[in-house]
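Notes for the one structure printed next.
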There are 2 protein chains.
Amino acid sequence: MADVARRADVSIKTVSRVVNDEPGVRPQTASKVRAIIEELGFHRHEGASMLRKGRSTSIGLIVEDLGNPWYSQLAASMEREARSRNHFLISTSAEGSPEREAELVDALVARRVEGLVVVPASSDASEAIRSAAEEMPVVCVDRPLAGLVADTVLSDNEGGVRSAVEHLVAHRHRRIGFLGDDEVIWTAQRRQAAFLASYDLLGLPGEPLTRLGPYADGEVAALLDRWGQGRDGITAVITSNNRVTMQVIAAQRVCGLDLVVVGYDDFELADFLEPPVTCVHQDPASLGERAIQQLFARLDGELGDPRTHVIPTRLIVRGSARRRPASRRA
Amino acid sequence: MADVARRADVSIKTVSRVVNDEPGVRPQTASKVRAIIEELGFHRHEGASMLRKGRSTSIGLIVEDLGNPWYSQLAASMEREARSRNHFLISTSAEGSPEREAELVDALVARRVEGLVVVPASSDASEAIRSAAEEMPVVCVDRPLAGLVADTVLSDNEGGVRSAVEHLVAHRHRRIGFLGDDEVIWTAQRRQAAFLASYDLLGLPGEPLTRLGPYADGEVAALLDRWGQGRDGITAVITSNNRVTMQVIAAQRVCGLDLVVVGYDDFELADFLEPPVTCVHQDPASLGERAIQQLFARLDGELGDPRTHVIPTRLIVRGSARRRPASRRA
DNA sequence: TTGAAAGCGGTACCAC
DNA sequence: GTGGTACCGCTTTCAA
C-alpha cells in the first residue's frame with residue numbers, strides 16, 4: 001500500500017480510502033490509484049486490517065463431515081446466508097473427533113471470526129468452545145451442548161419420529177423396529193427415546209426392538225433378520241439418519257429382506273428405489289439459515305438467555321408403507 | 001499477549017515463545033505463563049501473526065457448490081490432506097458464478113492463503129485469478145483454465161467415456177445417446193467430444209445423438225422419448241455427470257422409459273436402483289489429494305512448467321447393461 | 001534463559 | 001479532499 005501511494009504520489013491514507021470505497025476522494029485521484037493498484041498487482045492484507053479494526057466480517061462453521069451431503073447442504077445454505085450479510089463463511093470438518101473440534105475452534109477464534117456455528121462432536125462442551133463462547137456468539141446446530149450457554153437450533157426429533165411411527169401404524173404395522181446411528185450421537189439417542197415414547201403412546205404390542213450403533217459388518221442385516229422372524233417379527237423399521245438408512249437398504253438387498261423402511265433424513269433417490277422410501281425430511285438449509293440468523297441477531301446486540309429453535313420436520317410419504325404380504329422369506 | 005506478559009511478570013517475547021512452543025523457556029516459566037493464558041482467556045491473534053510472519057499456513061479452495069456431494073467429497077479429502085501437512089483449508093462455493101469466484105479469489109488472497117485450489121466456474125481465467133497466480137501457486141481441478149499458467153488435475157474424461165461406450169457395445173447396444181450437463185461446463189463438452197470420438201472409433205451406425213444442457217422442465221424425458229422411437233431408436237444413454245444421471249433416472253420413471261443408463265460419476269445408491277446403474281467412477285478424493293500434493297510441491301519449491309495430472313477412472317459394472325427385450329412401450 | 005525495540009500493513013483520528 | 005502519525009498484536013533481531 002505504501003508502494004502504491006508512492007507510485008501514485010498520494011498518501012497511504014488516500015490509497016486506503018480508495019481500497020475501501022470510502023468517500024472523500026476525487027474521482028480522478030481514485031482512478032489513478034486504482035490503475036496503479038492494478039499495475040502493481042496490489043492485494044490488501046486482511047490480517048493487517050483485522051488487526052487494526054479488531055473485526056473480520058467472517059464467521060466459522062464446524063461440521064462433522066463435509067463429505068456427508070446433509071452437512072454439506074447445511075454449509076452451502078449458511079454460506080449463502082452469510083454472504084447475503086457480507087460475511088465470509090469458513091467451513092471446516094471435525095470428522096467426529098472432539099480433539100479436532102477443539103483445534104478448529106481455536107484456529108477459527110485465532111482468525112478472529114465474529115461468531116461460530118458448531119455441529120458438536122460430543123455432548124459436552126470442550127474447554128476450547130467454552131472459552132470461545134466468552135469472546136463471541138456460538139450457535140449449536142442439530143445437537144445441544146451441555147455445559148455451554150449458547151443458542152441452539154434443533155430438528156423436531158420428537159415430532160419427526162412420531163410422524164413416522166403414526167404413519168406406519170396407520171398402515172397397519174404393529175411391530176416396528178428402530179435402528180439408530182452411533183450411540184455417542186445425540187440425535188440417535190434422542191430419536192430412539194422419541195421412538196420408545198411413541199411406541200408407548202400408541203399402545204403398540206410387545207417390547208419395542210431398538211438398537212444404536214456402531215454396527216459391525218453385516219450386523220445390521222443379522223439384526224433385521226432376527227427381528228423379522230416369527231409371527232410377531234417386525235414388518236417395518238425406522239432409522240435415525242441417512243447413514244443408517246443406507247445401511248438398512250444395503251442389508252435388505254444383500255439378505256433379501258423385505259421390511260418397510262421409514263428413514264429420518266430425506267435423500268435424493270428415495271423416490272426411485274423399489275419400493276420408494278418414506279422419509280422424515282429435516283431441511284438442512286432451514287437449520288443453517290436459522291442458525292445464521294440467530295448468530296447475527298446476537299452480533300446485532302440481542303441480549304438475554306440462550307434460545308432454542310426447533311425446526312419442524314415433514315413426513316414425505318412415498319407409498320413404501322403398505323404392509324407387504326407375509327414375508328417372501330421362510 | 002501484553003496483558004499476559006504483565007500479569008506473569010515476563011516479557012511479551014517470553015509469552016510468544018510459550019504460545020509457539022519455542023525452546024528456550026524454563027519449564028516453570030512456561031507453565032506459569034500457560035496458567036495466566038488460561039485464566040485470562042487469551043487467544044492468539046492469527047492476523048497479527050500473519051502480518052509479521054508473512055505467511056498463514058492455510059490454503060483456499062473454491063468449488064462450484066459445496067452442497068453437491070461430489071464437490072463436498074473433494075473438499076473433505078483436501079481438508080484431510082492439508083491437515084496432514086499442518087495447513088488449514090478454507091472451503092468456499094462460487095455457485096457457478098464467475099463474479100462470485102473472482103470475489104472469493106480476492107477474499108482468499110487477502111487472507112494470505114499460501115495457495116489456491118479452484119474448480120473453475122468458467123473456462124477463461126479471470127483477472128482476479130491471474131493476479132492471484134502471480135502471488136501463489138494455483139491448481140485447477142476437474143477443468144482447465146485457458147489463459148492461466150497453472151497446474152491442473154483432471155479426470156480421464158476420454159478413457160472414462162470410452163470405457164462406458166465399449167461396455168455398452170460389448171452388451172450389443174448399437175444406438176447409444178449422450179446427455180451432457182450445461183454446455184458452459186467444460187467436462188460436459190469434453191465428455192461429449194469423447195463420446196463422439198468413441199462412436200466413430202467403434203464404427204457405430206447412424207448419426208450419434210447427443211445433447212448438452214441446460215434442460216427445461218420435462219425436456220430430458222421428451223428427448224429420451226424421441227431418441228428411443230422407432231427401430232433404430234437408442235437402447236442406452238450415457239450421461240456426463242451425476243446431475244444429469246439424476247435427471248435421466250427421474251425422466252425414465254416419470255415416462256416409463258426403459259433405457260440402459262451408464263452414468264459418469266458414481267453415486268451412493270447406484271447399486272440399489274432397479275436396474276442397478278453402471279457408472280464411470282472418478283474418485284473426488286483422489287483428485288483432491290493429487291491437487292494438494294501438487295500445490296505443496298510448488299510450495300516446497302518445485303519449478304518448471306505447469307503439470308497436468310490425469311486421474312484414471314474406473315468403470316463400475318452393475319449389470320445394468322444387458323440389452324432389454326424390445327421396449328415395453330408401443 | 002530472557003528482554004527491548006523495531007516493524008509487518010493497514011485504519012482511526014485529527015490536522016491541514 | 002488529502003496527509004501525518006499513532007497504534008492494533010505479534011515475531012524478528014539482537015543484546016544482556
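Proteins get letters first, then strands, A, B, ... in listed order; numbering begins at 1 in each.
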Review point. Is any side-chain nitrogen or oxygen of A:Ser16 closer than 4.0 Å to OP1 or OP2 of C:dG10?
Key: no

Exercise for review: Mind listing the closest non-hydrogen atom pair of B:Asp106 and A:His43 along with its distance?
Suggested key: OD1-CE1, 4.2 Å

Point to revise | Interatomic distance, B:Arg52 CZ vs C:dG7 P [rounded to whole Å] | key: 9 Å

Practice item. Please tell me which of A:Asn20 and B:Arg17 maps to the more 5' nucleotide of DNA chain C, matching each residue to the nucleotide holding its nearest heavy atom. Key: B:Arg17

Check your understanding: If you look at every strand shown and take non-hydrogen atoms under 4.0 Å, does A:Arg44 touch a base, only sugar-phosphate, or nothing?
Key -> sugar-phosphate

Check your understanding: Between D:dG4 atom P and A:Lys13 atom NZ, what is the distance in whole Å?
Key -> 13 Å

Review point. Roughly, in whole Å, what's the span from CE in B:Met1 to C1' in D:dT11?
Key: 8 Å

Check your understanding: For the atom pair CE (A:Met50) and OG (A:Ser58), what is the distance rounded to the nearest 0.5 Å?
Key -> 6.5 Å

Exercise for review: Could you tell me whether B:Val19 contacts a base, only the sugar-phosphate backbone, or nothing, with contacts defined as non-hydrogen atoms closer than 4.0 Å?
Suggested key: nothing

**Study point:** Below 4.0 Å: OP1/OP2 of C:dT11 and any side-chain N or O of A:Ser49
**Key:** yes

**Study point:** Heavy-atom donor-acceptor pair, A:Arg112 side-chain to D:dG9 base, under 3.5 Å
**Key:** no

Practice item. Starting from the 5' end of DNA chain C, give me the residue, B:Ala48 or B:Pro23, whose nearest nucleotide shows up first. Key: B:Pro23

Review point. Separation of A:Lys53 atom NZ from D:dG9 atom C1', in whole Å?
Key: 17 Å

Exercise for review: Calculate the interatomic distance between A:Arg55 atom CZ and C:dG10 atom C1'; express it in whole Å.
Suggested key: 16 Å

**Study point:** Rounded interatomic separation in angstrom, taking CD from B:Gln28 and C1' from C:dT2
**Key:** 14 Å

Point to revise | Contact under 4.0 Å: B:Thr29 side-chain N or O vs C:dT2 OP1/OP2 | key: yes

Practice item. Identify the heavy atoms of A:Leu108 and A:Leu61 that sit nearest to each other, and give their distance. Key: CD1-N, 4.3 Å

Check your understanding: Within 45° of the six-membered ring axis of A:Phe88 and under 6.0 Å from that ring's centre, is NZ or CZ of B:Arg111 located there?
Key -> yes

**Study point:** B:Asp300 CG: over 12 foreign heavy atoms closer than 6.0 Å
**Key:** yes

Review point. Can you tell me if the side-chain N/O atoms of B:Ser11 get under 4.0 Å from OP1 or OP2 in C:dT2?
Key: no

Check your understanding: Quick one: A:His45 NE2 to C:dG7 C1', roughly how many Å, whole number?
Key -> 13 Å

Review point. Choosing from C:dC8, D:dT11, C:dG10, which nucleotide comes nearest the side chain of B:Leu51?
Key: C:dC8

Exercise for review: Using atom CD of A:Glu22 as one end and atom P of D:dG3 as the other, report the distance to the nearest whole Å.
Suggested key: 14 Å

